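One structure below.
Residue numbering restarts at 1 for every chain, and letters A, B, ... go by the order of the sequence lines. Since the structure is predicted, the reported quantities are computational estimates derived from the model, not experimental observations.
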There are 2 protein chains.
Amino acid sequence: MASIREVAKLANVSPATVSRVMNGTARVDEEKKQRVLAAIKETGFVPNEVARSLFKKSAKLIGLILPSIENPFFAQLAGAIERCADKHGYRLVLCNTGSVTEKEKAAMQMLSSMNADGIILTTSNEELREFTENCSIPIIVTDRVFQGSNKLKYVHCDHYKGGRMAAEHLIDCGCKSIVCIKGQQEISSARDRYDGYRDVCKERGIKEQTVDSAYDFEEGMKVTEEILETFKDVDGIIACNDMVAISAYKVLHKNGIDVPGKIQIIGFDDIALAKLMTPELTTIGQPVKEIGAKAAELIIFKDKYAKEDKQEYIFEASLVERETTRDI
Amino acid sequence: MASIREVAKLANVSPATVSRVMNGTARVDEEKKQRVLAAIKETGFVPNEVARSLFKKSAKLIGLILPSIENPFFAQLAGAIERCADKHGYRLVLCNTGSVTEKEKAAMQMLSSMNADGIILTTSNEELREFTENCSIPIIVTDRVFQGSNKLKYVHCDHYKGGRMAAEHLIDCGCKSIVCIKGQQEISSARDRYDGYRDVCKERGIKEQTVDSAYDFEEGMKVTEEILETFKDVDGIIACNDMVAISAYKVLHKNGIDVPGKIQIIGFDDIALAKLMTPELTTIGQPVKEIGAKAAELIIFKDKYAKEDKQEYIFEASLVERETTRDI
DNA sequence: TTCTGCTGTGAAACCCGTTTCAAAATCTAT
DNA sequence: ATAGATTTTGAAACGGGTTTCACAGCAGAA
């Protein structure tokens with residue numbers, strides 16, 4: 001791999017001049033410029049990003065720390081972030097943590113020592129707070145929120161309103177006995193969605209009925225069986241996300257229960273599969289592209305955003321009516 | 001951020017000694033070692049990975065170049081690779097290319113200049129051959145194959161056998177008129193799967209009937225409509241992947257056609273959704289964890305693997321019988 | 001006691017692109 | 001033609017962890 005000094009020697013100029021030609025950081029005599037360009041071509045020189053980032057203290061890297069890239073929602077988020085990053089010449093470093101605190105910490109540590117320009121983090125693990133407060137690079141928390149941290153920025157949709165919309169839609173569709181499959185309550189978005197559901201129940205005089213589940217389809221199936229046993233009159237299910245909604249449908253179908261005839265289902269996230277499954281899943285959609293792009297931009301244009309001292313960027317969720325609910 | 005020289009000053013030793021303590025590269029007097037350890041703790045020193053990788057010419061980075069992380073199969077592959085990489089202290093740099101040649105080239109160039117230790121590439125774009133041949137870091141092609149390149153290594157499952165298995169299973173399940181939804185034939189895995197189907201048709205005296213489609217569910221739906229118009233007696237569909245199989249099911253269902261009663265469907269990949277959908281999708285599964293881990297290991301342990309001059313690592317596909325086919 | 005051999009240690013070079021700084025070259029004005 | 005202003009350019013420092021190399025210190029051998 002050719003280095004800048006070899007190029008310089010070949011073009012009979014100094015490395016500084018080659019650098020200036022490449023980056024356009026200063027005027028260079030036209031003839032020398034041509035010699036340099038020729039030498040770059042001849043040697044196939046590509047500047048070493050590592051050396052550049054050592055000096056610049058920016059590796060043009062965005063760290064993405066996720067519970068799991070296999071989760072379709074996170075995969076979509078990652079795709080959105082990657083596209084925005086790529087557009088501006090940044091790369092993405094992907095870290096799966098399985099929500100394990102130690103892995104989250106290790107990943108942040110590592111990204112920081114890699115001169116990453118920022119970290120996009122999806123966790124609401126309070127144990128990380130001390131660490132994130134002292135981190136020297138910007139940290140953007142997506143989809144979730146940490147209690148009481150003011151060094152971070154947040155990008156997410158309005159899960160509370162989303163939860164409300166889900167409950168209201170089910171009520172509007174005639175449901176009288178709605179069960180909410182709550183996600184893990186340590187996760188802020190799951191809390192917010194649940195809060196939305198709960199408040200609507202209160203306002204509309206509907207009994208609050210809940211059941212706990214992880215964001216995971218095996219749990220989703222188990223829990224749906226429980227619902228059928230516990231709540232004999234259930235006619236509406238709000239799932240904490242689409243994966244769980246799909247598994248709920250599966251169990252209902254297996255039990256010969258008509259969806260949406262007898263029980264209506266609404267999910268959360270609007271992953272690609274929601275439209276693809278049969279029947280198509282009614283769900284609360286998140287503008288994942290906008291969320292991903294905003295998170296990336298907060299890092300890429302951190303100087304610009306440092307001026308506005310907005311800490312939370314909140315997007316609207318939206319009801320996506322499909323086939324697992326029915327208007328009356 | 002503290003540097004090694006500050007730690008050295010605090011511990012009253014040279015930077016070299018601090019380096020030796022951290023890496024265990026040489027014996028260090030026990031008392032000095034303790035001083036260094038204390039100084040590291042006090043300053044919160046974390047070695048800068050960029051500086052390290054500049055010297056070592058290895059950034060402990062694996063580049064992953066994919067058409068799209070949103071595709072669930074690739075997301076699973078990415079997860080498998082990430083887990084293996086992480087276990088050995090490597091990070092993953094994710095690049096989506098949408099199969100655009102220019103982006104694939106740019107990503108490889110960039111990864112190379114980042115001192116990545118290797119690249120895992122999913123493409124069968126022949127235009128890249130010249131480039132990959134001259135790349136200074138190892139390139140592992142997963143899931144697909146390039147014609148006639150001998151500098152690369154390949155990790156994938158036996159798509160040809162997989163295609164055979166799919167066709168044989170449908171025949172064994174009583175199908176007489178099977179339509180194969182071929183993936184894009186520029187993609188080697190799609191070619192191989194199709195070849196398997198074709199050969200089984202020949203051997204078993206079944207008419208070959210095909211239709212073209214991209215690996216994409218909108219195409220999948222469009223093409224399934226076509227099948228219904230063109231092949232009135234169709235009773236079996238082999239889809240080039242699970243996404244397409246799911247969309248085929250959707251169209252069949254919408255048309256009131258019983259699956260598997262009237263038409264049976266088999267997909268490819270065994271993505272998580274295949275088990276989750278209703279009815280559960282029969283499919284040809286790929287051992288994606290093993291494929292991902294092997295690809296990562298070929299980079300992480302490149303020295304070891306350089307000795308064996310095996311160029312292709314092939315895994316077995318397997319039939320996963322579920323509910324969209326029925327034994328007779 | 002002197003010589004060999006081994007271990008521990010620090011100064012300095014190294015990796016390589018960027019930037020500073022001062023000198024050199026070119027140009028403007030008197 | 002010369003002082004002064006401006007532009008172009010290269011040497012050297014920089015970033016920070018690693019490694020080489022040579023020297024110092026000490027143990028055992030002669």
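- Residues satisfying the salt bridge (charged side-chain N to carboxylate O under 4.0 Å, His left out) test with B:E82, not counting sequence neighbours, are none.
- Distances shorter than 4.0 Å separate none of the side-chain N or O atoms of A:R27 from OP1 or OP2 on D:dT7.
- A 4.0 Å heavy-atom criterion places the boundary nucleotides of DNA chain C facing chain B at C:dG8 to C:dC16, written 5' to 3'.
- In this structure, A:C157 and A:P287 approach most closely via the heavy-atom pair CB-CD, 4.1 Å.
- A search for salt bridge (charged side-chain N to carboxylate O under 4.0 Å, His left out) contacts involving B:E297 returns nothing, not counting sequence neighbours.
- Using a 4.0 Å heavy-atom distance criterion, B:V50 is classed as making no nucleic acid contact.
- Mapping B:S14 and B:L54 onto DNA chain C via the closest heavy atom, the residue that lands nearer the 5' end is B:S14.
- Residues from residues 32-45 of chain A that place a heavy atom under 4.0 Å from any atom of DNA chain C, listed by number: A:F45.
- At whole-Å resolution of the value, CD in A:E31 and C1' in D:dT9 are 14 Å apart.
- Partners of B:S124 according to the side chain to side chain contact (heavy atoms under 4.5 Å, CB included) rule, which considers only residues two or more places apart in sequence or in another chain, are B:R144, B:I187, B:S188.
- Contacts of residues 106-118 of chain A with DNA chain D (heavy atom under 4.0 Å): none.
- Of the inter-residue distances, the one linking B:F74 atom CZ with B:I81 atom CD1 reads 10.5 Å to the nearest 0.5 angstrom.
- Rounding to the nearest 0.5 angstrom, the gap separating the CG atom in A:L92 from the CD1 atom in B:I69 is 9.5 Å.
- The OG1 atom of A:T123 lies 10.5 Å from the CG atom of A:L66; values are rounded to the nearest 0.5 Å.
- With respect to B:R52 and B:E49, a salt bridge is recorded, a charged nitrogen being found less than 4.0 Å from a carboxylate O.
- Scanning for side chain to side chain contact (heavy atoms under 4.5 Å, CB included) contacts around B:V7 gives B:V18, B:A39, B:I40, B:T43, B:F45, with sequence neighbours left out.
- Contacts classified as ring-ring contact (aromatic ring centres under 6.0 Å, His included) and involving residues 84-107 of chain B (residues at least two apart or in different chains) are given here: B:H88-B:F301.
- Applying the salt bridge (charged side-chain N to carboxylate O under 4.0 Å, His left out) rule to pairs touching residues 94-115 of chain A yields A:K103-B:D86, sequence neighbours excluded.
- Within the structure, salt bridge (charged side-chain N to carboxylate O under 4.0 Å, His left out) contacts touching residues 21-38 of chain A (residues at least two apart or in different chains) are A:E31-A:R35.
- In this view, B:K151 and B:E133 satisfy the side chain to side chain contact (heavy atoms under 4.5 Å, CB included) rule, not counting sequence neighbours.
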task = Indicate for each nucleotide in nucleotides 18-26 of chain D, in 5' to 3' sequence, whether protein heavy atoms under 4.0 Å reach the base (B), only the sugar-phosphate (S), or nothing (-).
result = BBB------

